[in-house]
Amino acid sequence: MSRDLTIMEASLEEVPAALRSVRDEAPPATANPPAPAPCAHWLPGQREAWHAELPAPAWDEAAATLGLSDAAKRYVLDGVGDAASAAAGIERPRGPRIGVWRSKPWLDLVLGYGPAAISRLFGIGGGSWRTTPEALRGFVAAHELEVARIVRAFPPSLVDDLLSALSPIADIRIAELAAHRLLQVGAGVKLGEAALGWLLANPEHAAWALTASALNEEGGGGKAKAARLGLHELATRGHRAAIEEAAREFGVDPELLLVVRETKELPRFWQPDRIAGPVLVNGKRLPTASLEAFVRLHASRDVRAAEQLTELVPAFTRESLERFAMEIFDAAIWRPKSRTTELWPEVLGRYGGDAAVEALAGKLVSEWAEDETLLKTSCTVLQEIGTPRAILELAQLADKRRAHEGMNPAQDAAEAALTTMARDRGTTPRALVGKAVAAVGRGVTRTRTLSFGPRAFRAELDSRLSLVLVDDEGAHIEQLPRPRKSDDEAAVLVAKQQLQQLRAEVRFVGPVALALLEDDLVQGRQWRIETLETWLRVDEVFRHLARHLVWGLWSGAGELVSPALIETDKLRPIDDRGLGADRVGLLHPVELTDDTLSRLREIAARAGLQPPFAQLAREVFRPSPEELQAGAVTRIAGARLRLRRPLLRGWRQGPVDEESAHMYSIERRFDGGVTAELVHSGIDCGDAPPSSVKLEVLRFRGAAGLLALSEVPARCLSEAVRDASEIASGG
């Protein structure tokens with residue numbers, strides 16, 4: 001998408017402060033910087049106390065731990081030979097941290113400071129650096145001039161230990177290390193706590209040192225970038241006065257020091273001439289430099305960047321933010337079969353809205369169906385968007401009826417996203433999806449009149465939420481007919497648009513609504529009668545489906561009181577006893593006697609019910625006496641499971657056995673912590689899977705281990721055996 005040049009560009013004063021790029025107006029390096037602040041500050045008696053506590057093993061012990069050769073020892077003791085030969089003679093010591101001692105800064109320390117320093121060095125950790133903060137401080141106390149060398153010598157895995165140990169020591173040479181560590185890991189994450197702690201404990205020394213680094217680009221952009229980040233963190237945490245004092249000494253504007261510039265490289269796909277960017281509420285667009293700063297904030301993983309973005313959102317129009325999100329998405333994935341996840345997940349999640357939901361849905365169905373990374377990323381984005389359409393898209397990905405091997409990662413990610421959203425909103429996943437169905441399906445009415453002017457047609461929903469067209473004489477037709485000369489052209493156009501919109505809504509909402517209700521049947525979910533009556537009033541889709549099903553009323557003690565039907569959008573008990581019930585749910589034939597089931601089938605037939613899925617006619621499976629005794633369903637033993645076939649209704653590959661690296665089951669989870677396990681002969685995870693495996697038994701597991709068949713809820717057992725029988729028959 002090309003930049004719209006008709007929109008006026010905002011001036012620097014009109015751009016939010018966080019986006020004012022200073023790349024072309026960076027503070028110049030000071031020609032005559034002020035004298036350094038005091039190098040280090042020690043509390044009275046602190047150095048002596050730490051020095052006294054520091055253990056110092058004998059020279060020979062330290063030399064042996066380091067693996068010094070005779071030549072290296074002579075060089076350290078008497079200065080005989082040269083440093084290169086001595087360094088070459090240092091053997092790699094054994095232990096988990098051997099890489100530390102072969103680094104050049106450590107060799108410099110060992111070879112340059114003599115046996116006393118080496119003894120102190122090994123005294124603090126016995127050569128392994130498994131040490132205490134007090135011991136590290138003691139080493140610094142004994143060899144103050146070595147602070148800078150120690151800072152450079154530590155590898156990244158040990159920097160946090162060092163910074164924690166040095167937090168009471170105000171030394172300007174430590175400031176750069178702390179700022180660089182912040183840049184590496186981010187100021188808002190746990191790994192950055194030690195670096196941030198040192199800066200906050202020593203704000204005056206940190207401000208002076210980081211100001212000098214921020215003004216000195218010669219040391220590399222990384223140094224200045226880290227320094228600006230460190231100054232920014234100091235300012236936001238109450239130490240702005242220290243920065244202003246340092247800035248006065250250097251003769252620069254503190255505001256220019258506090259702009260965090262280029263904390264993240266721009267994504268590879270970035271082409272500013274193709275991205276119009278968001279529009280400010282005054283109707284003006286951002287200059288290119290400010291737009292790039294906006295993009296960098298999104299690419300950053302820092303908590304402060306997220307806070308800044310939240311503060312910036314009101315500065316832009318909502319429509320332009322949504323358009324900006326789609327521009328980033330289109331630019332990032334324009335290449336065929338592109339697998340990049342740069343930037344677009346963050347931007348779509350923040351601003352994408354329902355336009356982003358539709359774009360992701362198209363990719364998930366067409367190009368990304370087999371890409372685990374993009375499937376999971378998309379689920380995270382849909383969770384962040386959080387609109388009813390996003391919730392329904394997650395529900396479709398998690399639909400147990402569509403489960404197959406390739407969709408397992410997406411199903412797991414979608415279920416996790418729905419669970420997280422439901423927890424954050426104080427509800428259940430079922431209720432969350434149900435509200436989304438009601439919101440999106442608000443315009444899905446049972447009957448919609450489509451007027452051509454002189455004549456009219458009807459679009460009606462059948463019991464499975466399929467659209468049926470009826471002409472003005474009551475006959476079913478496949479599509480709207482061609483308009484006649486007598487028809488109103490404007491009315492015909494409106495009717496076709498209404499039909500197209502209705503079909504789109506039904507196609508989007510229908511599968512989720514059907515899956516939701518069938519899962520309610522399988523899981524045996526119950527609600528308060530008042531809850532169901534509320535759904536009947538506000539949820540058009542639920543009301544339409546519910547009137548074609550047979551419901552049950554239960555007492556508080558869990559006893560089935562009476563079957564019930566939905567008539568005139570009200571719940572009507574079939575038996576008079578139903579007036580004393582307080583819970584309602586869908587009836588499952590496995591929990592009914594033969595006489596009751598036969599009577600209900602007659603009542604449903606007389607009422608003309610057309611259930612959207614098998615309910616009273618559903619196959620029922622119960623364990624045989626032999627299976628009850630065996631504790632597992634054995635009727636499917638010896639059948640073959642063809643692995644290239646889609647798995648049924650939520651069945652997924654089971655866990656991997658760590659010892660054999662094989663999978664020995666497929667599983668289906670039910671409410672209440674019950675898992676059905678269909679055990680088979682095994683799949684080697686390291687080799688190409690066979691075309692089929694042999695089924696052995698169907699068993700059930702609870703939180704405490706395997707369950708006896710008598711402990712498994714009747715619905716779970718019947719549904720699992722129903723699936724297993726279909727799988728065993730090749731279905």
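Quick note: residue numbers are just sequence positions, from 1.
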Colleague: Please check: side-chain N/O of Ser665 versus main-chain N/O of Leu678, any donor-acceptor pairing under 3.5 Å?
Modeller: no
Colleague: Please check this pair: side chain of Arg350 against backbone of Ala325, looking for a donor-acceptor N/O pair closer than 3.5 Å.
Modeller: no
Colleague: Answer yes or no: are there more than 12 heavy-atom neighbours, outside Glu567 itself, under 6.0 Å from its atom CD?
Modeller: yes
Colleague: Could you tell me whether a side-chain N or O of Thr377 sits under 3.5 Å from a main-chain N or O of Thr373, the two making a donor and an acceptor?
Modeller: yes
Colleague: How close do Pro573 and Ala564 get, heavy atom to heavy atom, and via which atoms?
Modeller: CA-CB, 3.9 Å
Colleague: Does any non-hydrogen side-chain atom of Val693 lie less than 4.5 Å from one of Tyr664?
Modeller: no
Colleague: Identify the two heavy atoms, one from Trp527 and one from Gly585, that lie closest to each other, and give their separation to 0.1 Å.
Modeller: CZ3-CA, 4.2 Å
Colleague: Hey, are the side chains of Arg668 and Val522 touching, using non-hydrogen atoms and a 4.5 Å cut-off?
Modeller: yes
Colleague: Is there a side-chain contact between Gln396 and Phe508 (heavy atoms, below 4.5 Å)?
Modeller: yes
Colleague: Apply side-chain contact (heavy atoms from CB on, under 4.5 Å) to Val494 and list each qualifying residue two or more places apart in sequence or on a separate chain.
Modeller: Gln498
Colleague: Less than 4.0 angstrom from a charged side-chain N to a carboxylate O is my criterion; do Glu533 and Arg537 meet it?
Modeller: no
Colleague: To check you understand the geometry: which heavy-atom pair defines the closest contact between Met326 and Ala359, and what is its length?
Modeller: CE-CB, 3.6 Å
Colleague: For the CG atom of Leu521 and the NE2 atom of His588, what is their distance to the nearest 0.5 Å?
Modeller: 5.0 Å
Colleague: Quick one: does any side-chain atom of Arg430 pair with a main-chain N or O of Leu516 as donor and acceptor, under 3.5 Å?
Modeller: no
Colleague: Donor-acceptor pair, Glu384 side chain versus Glu346 backbone, under 3.5 Å?
Modeller: no
Colleague: Flag yes if more than 12 heavy atoms outside Arg318 fall under 6.0 Å of its CZ atom; otherwise flag no.
Modeller: yes
Colleague: Check step by step if salt bridge (Lys or Arg N to Asp or Glu O under 4.0 Å) holds for Glu540 and Arg543.
Modeller: CA-CA 5 Å; Glu540 182 73 33; Arg543 180 165 63 244; 2.3 Å; yes
Colleague: Contact between Asp472 and Phe452 at the side-chain level, heavy atoms closer than 4.5 Å - yes or no?
Modeller: no
Colleague: Judged by atom type as modelled, is there a donor-acceptor pair below 3.5 Å linking the side chain of Arg601 to the main-chain atoms of Leu616?
Modeller: yes
Colleague: Kindly determine whether Val712 and Phe670 satisfy side chain to side chain contact (heavy atoms under 4.5 Å, CB included), including the steps that lead there.
Modeller: CA-CA 11 Å; Val712 181; Phe670 293 89; over 6 Å; no
Colleague: Side-chain contact test, heavy atoms from C-beta onward, threshold under 4.5 Å: evaluate it for Ile566 versus Trp551 and give yes or no.
Modeller: yes
Colleague: Could you please spell out the steps behind the side chain to side chain contact (heavy atoms under 4.5 Å, CB included) verdict for Leu450 and Leu469?
Modeller: CA-CA 10 Å; Leu450 305 172; Leu469 290 178; 4.2 Å; yes
Colleague: Are more than 12 heavy atoms from other residues, nucleotides or ligands located less than 6.0 Å from atom CZ of Arg442?
Modeller: no
Colleague: Quick check: does any side chain N or O of Glu667 sit under 3.5 Å from a backbone N or O of Gly654, one acting as donor and the other as acceptor?
Modeller: no
Colleague: Distance check, rounded to the nearest 0.5 Å: Ser466 atom OG versus Arg507 atom CZ?
Modeller: 10.5 Å
Colleague: Is it the case that the side chain of Ser598 and the backbone of Asp594 share a donor-acceptor pair, with hydrogens and angles ignored and the cut-off at 3.5 Å?
Modeller: no
Colleague: Whether the side chain of Trp535 engages the backbone of Ala438 through a donor-acceptor N/O pair (distance < 3.5 Å, no angle test) should be reported.
Modeller: no
Colleague: For the residue pair Ile529 and Val584, what are the closest heavy atoms and their distance?
Modeller: CA-CG1, 4.1 Å
Colleague: How far does CZ of Arg455 sit from CG of Asp488, to the nearest 0.5 angstrom?
Modeller: 12.0 Å
Colleague: What I'd like to find out is whether the side chain of Lys694 reaches to under 4.5 Å of the side chain of His680, using heavy atoms alone.
Modeller: no
Colleague: Evaluate the side-chain proximity of Leu374 to Thr341: yes if any heavy-atom separation is below 4.5 Å, no if none is.
Modeller: yes
Colleague: Using the six-membered ring wherever Trp is involved, compare the ring planes of His544 and His548 and label them parallel, tilted or perpendicular (cut-offs 30° and 60°).
Modeller: perpendicular
Colleague: Is Gln479 atom CD crowded by more than 12 heavy atoms from other residues, nucleotides or ligands, each under 6.0 Å away?
Modeller: no
Colleague: Is it true that Glu719 and Arg722 have a side-chain N and a carboxylate O under 4.0 angstrom from each other?
Modeller: yes
Colleague: Roughly how far, to the nearest 0.5 Å, is CG of Leu517 from CZ of Phe542?
Modeller: 5.5 Å
Colleague: State whether the side chain of Gln610 and the backbone N or O of Ser463 hold a donor-acceptor pair below 3.5 Å, judged by distance alone.
Modeller: no
Colleague: Is there side-chain contact between Leu432 and Arg425, with at least one heavy-atom pair below 4.5 Å?
Modeller: yes
Colleague: Can you check side chain to side chain contact (heavy atoms under 4.5 Å, CB included) on Leu609 and Gln615, steps first, answer last?
Modeller: CA-CA 11 Å; Leu609 302 190; Gln615 186 188 12; over 6 Å; no
Colleague: Just verifying a value: how many Å separate Trp651 CH2 and Glu677 CD, rounded to the nearest 0.5 Å?
Modeller: 9.0 Å
Colleague: Got a second to check how far Leu587's CG is from Leu560's CG, nearest 0.5 Å?
Modeller: 6.0 Å
Colleague: Measure across Val550 and Ala604 and return the closest heavy-atom pair with its distance rounded to 0.1 Å.
Modeller: CG2-CB, 4.5 Å
Colleague: Could you check Val440 against Glu505 for side chain to side chain contact (heavy atoms under 4.5 Å, CB included), going step by step and ending with a plain yes or no?
Modeller: CA-CA 8 Å; Val440 178; Glu505 290 174 346; 5.7 Å; no
Colleague: What residues form a side chain to side chain donor-acceptor pair (under 3.5 Å) with Gln629, not counting sequence neighbours?
Modeller: none
Colleague: Restricting to non-hydrogen atoms, name the atom on Leu717 and the atom on Phe621 that form the minimum distance, rounded to 0.1 Å.
Modeller: CD2-O, 4.1 Å
Colleague: Arg640 and side chain to side chain donor-acceptor pair (under 3.5 Å): which partner among Ser691, Ser692, Ser681?
Modeller: Ser692
Colleague: Taking the basic N atoms (NZ, or NE/NH1/NH2) and the acidic carboxylate oxygens, is any pair closer than 4.0 Å for Glu415 and Arg652?
Modeller: yes
